[in-house]
There are 2 protein chains.
Amino acid sequence: MKTSAKIFKALADETRLRIVALLAEGELCVCDLMAVLSLPQSTVSRHLSYLKNSGWVKDRRQGQWMHYRLAESAIPLHRALSTVLIGELPRLEPVQADKAALINHLANKKNRACR
Amino acid sequence: MKTSAKIFKALADETRLRIVALLAEGELCVCDLMAVLSLPQSTVSRHLSYLKNSGWVKDRRQGQWMHYRLAESAIPLHRALSTVLIGELPRLEPVQADKAALINHLANKKNRACR
DNA sequence: TGACTATATCCGCCTATGCGGATACTTTGG
DNA sequence: CCAAAGTATCCGCATAGGCGGATATAGTCA
């Protein structure tokens with residue numbers, strides 16, 4: 001029960017929902033998220049910690065970059081929510097805008113580093 | 001987006017999840033919930049307000065009793081989450097215990113008032 | 001090693017919200 | 001109209017957690 005509330009708590013924040021929606025597109029590093037969300041690094045990093053701590057994302061270090069991706073969970077509620085999020089979040093206008101910004105960002109960045 | 005976060009916030013609390021699970025069984029009044037959850041009236045009432053305010057429940061006055069039931073929403077995310085909750089919450093042990101307590105409470109109460 | 005980049009964490013500040021006892025309001029029945 | 005029941009709200013208190021600048025850490029490359 002506590003576990004379930006924790007799963008929902010992680011989604012009870014606008015920024016974290018945006019992050020989850022972006023990660024649904026694939027693995028991203030912190031600097032990409034900063035750029036797309038236009039948020040300070042400490043803010044993005046804090047939310048990612050929260051998501052990691054609650055089991056929503058996994059990280060993977062590659063050189064100086066920390067890559068984050070959605071985690072697959074063994075908890076049925078968690079899995080069911082993932083499915084819902086993947087199906088419903090893309091309907092939201094802000095999510096669509098973020099995705100467009102992501103595509104644009106990745107295009108500009110090409111094979112260059114983050115900045 | 002803000003709306004979505006609000007929907008999740010309402011579920012980001014153990015007590016509210018228990019209430020939602022109980023209301024999935026059908027309409028209940030505050031005093032029934034107090035008895036089943038073993039929580040003070042002000043606490044139960046506060047959580048019901050929160051759930052009402054976030055669109056999760058509707059109330060209906062019948063004499064001195066205020067009856068609460070799950071609300072049907074027009075918001076796709078909300079509807080999808082309802083389905084998930086109804087499917088997943090019953091798997092949780094604390095929810096099963098609450099349901100048993102509810103059945104017991106209703107049986108003891110019969111046609112008498114709440115106390 | 002030293003400089004630079006990417007990230008995590010610390011910090012002080014501020015708001016949201018949980019708790020439950022106390023109080024106020026609403027409805028009913030006599 | 002009063003008393004009692006059911007409920008909502010107020011209150012003071014405590015903690016969680018949001019924010020973003022500042023600082024610490026980790027990895028890379030010359």
Side-chain angles (χ1 to χ4, degrees), chain A residues 1-2 4-20 23 27-54 56-69 105 109 111-115, chain B residues 1-20 23 27-54 56-69 105-106 109 111-115:
Chain A
M1 208 67 196
K2 245 186 175 121
S4 305
K6 189 175 179 183
I7 290 172
F8 281 111
K9 250 177 206 153
L11 302 176
D13 178 274
E14 206 179 341
T15 302
R16 287 197 291 271
L17 282 178
R18 292 174 71 195
I19 291 176
V20 167
L23 292 183
E27 200 179 54
L28 291 173
C29 65
V30 181
C31 54
D32 288 332
L33 287 168
M34 286 171 57
V36 173
L37 298 172
S38 297
L39 287 174
Q41 183 265 324
S42 66
T43 295
V44 173
S45 203
R46 175 165 34 79
H47 284 300
L48 285 169
S49 286
Y50 200 115
L51 287 171
K52 178 182 167 190
N53 190 278
S54 59
W56 276 100
V57 305
K58 279 212 157 83
D59 57 5
R60 175 178 70 87
R61 171 145 243 147
Q62 186 174 38
Q64 336 173 229
W65 296 273
M66 198 62 99
H67 293 263
Y68 285 88
R69 65 181 186 286
H105 167 73
K109 170 178 154 181
N111 27 17
R112 290 183 294 108
C114 251
R115 55 187 53 205
Chain B
M1 209 67 197
K2 245 183 174 122
T3 307
S4 305
K6 188 175 179 183
I7 291 172
F8 282 111
K9 249 177 207 155
L11 303 176
D13 178 274
E14 206 179 340
T15 302
R16 287 197 292 271
L17 282 179
R18 292 174 71 194
I19 290 176
V20 168
L23 292 182
E27 200 179 54
L28 291 173
C29 65
V30 181
C31 55
D32 288 332
L33 288 168
M34 287 172 56
V36 173
L37 299 172
S38 297
L39 287 174
Q41 184 264 325
S42 67
T43 295
V44 173
S45 203
R46 176 166 32 81
H47 284 300
L48 285 168
S49 286
Y50 200 116
L51 286 170
K52 178 182 167 189
N53 191 278
S54 59
W56 276 99
V57 306
K58 280 214 156 84
D59 56 5
R60 175 179 69 86
R61 170 146 243 146
Q62 187 176 35
Q64 337 172 229
W65 296 273
M66 198 62 100
H67 293 262
Y68 285 89
R69 65 181 186 287
H105 167 73
L106 293 179
K109 170 178 155 181
N111 25 20
R112 290 184 295 107
C114 251
R115 53 188 53 208

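Keep in mind that this is a model prediction, so the values were computed, not measured. Proteins come first, then strands; the chains are lettered A, B, ... in the order of their sequence lines, and each starts at number 1.
In this structure a side-chain-to-backbone donor-acceptor pair under 3.5 Å is present from Arg61(B) to Gly63(B).
Counting only heavy atoms from C-beta outward, the side chains of Leu17(A) and Phe8(B) approach each other to under 4.5 Å. Contact of the Val57(B) side chain with the Lys52(B) side chain is registered, since non-hydrogen atoms from C-beta on lie closer than 4.5 Å. Residues Tyr68(B) and Leu51(B) are not in side-chain contact: their nearest non-hydrogen atoms beyond the backbone lie 4.5 Å or more apart. At a threshold of 4.5 Å between non-hydrogen side-chain atoms, the residues Gln62(B) and Arg60(B) count as touching.
For the pair Leu48(A) CG and dG18(D) C1', the interatomic distance rounds to 15 Å; values are reported in whole Å. Between the C1' atom of dA6(C) and the CG atom of Leu33(A) lies a distance of 13 Å, rounded to the nearest Å. Taking atom CD of residue Glu14(B) and atom C1' of nucleotide dC19(C), one finds them 14 Å apart after rounding to whole Å. In this structure, His67(B) atom NE2 and dT7(D) atom P are separated by 8 Å, rounded to whole Å. Straight-line distance from the NZ atom of Lys2(B) to the P atom of dG18(D): 14 Å, rounded to whole Å. In this structure, Met66(B) places its CE atom 9 Å from P of dT9(D), rounding to the nearest Å. Note: CZ (Phe8(A)) to P (dT17(C)) measures 17 Å, nearest angstrom. Atom CD1 in Ile19(A) sits about 13 Å away from atom P in dT7(C), given to the nearest Å.
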Requested in this report: Let me see the working for Asp59(B) and Leu48(B) under side-chain contact (heavy atoms from CB on, under 4.5 Å), right down to the final yes or no.
Outcome: CA-CA 9 Å; Asp59(B) 56 5; Leu48(B) 285 168; over 6 Å; no
Requested in this report: Apply side-chain contact (heavy atoms from CB on, under 4.5 Å) to the pair Trp56(B) and Ile7(B), showing each step before the final yes or no.
Outcome: CA-CA 8 Å; Trp56(B) 276 99; Ile7(B) 291 172; 3.7 Å; yes
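In terms of heavy-atom proximity, Lys9(A) sits nearest to Ala12(B) at CE-O, 3.3 Å.
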Query raised in the report: Could you run down nucleotides 19-30 of chain D 5' to 3' and tag each one B, S or - for protein heavy-atom contact under 4.0 Å?
Result: BBBB----BS--
Query raised in the report: Once Watson-Crick and G-U wobble pairs under 3.5 Å are found, how is DNA chain C written in dot-bracket notation, 5' to 3', with | for any base paired to another strand?
Result: ||||||||||||||||||||||||||||||
Pairs of donor and acceptor atoms involving the side chains of residues 31-42 of chain B, under 3.5 Å and at least two apart or interchain, shall be tabulated with distances.
from     : atom 1 : to        : atom 2 : distance (Å)
Asp32(B) : OD1    : His105(B) : NE2    : 2.8
Asp32(B) : OD1    : Lys109(B) : NZ     : 2.7
Asp32(B) : OD2    : Lys109(B) : NZ     : 3.1

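Between dA8(C) and Tyr68(A), a contact under 4.0 Å exists linking OP1 or OP2 to a side-chain N or O.
Residue contacts shown for Lys52(A) are absent, as no nucleic acid heavy atom lies under 4.0 Å away.
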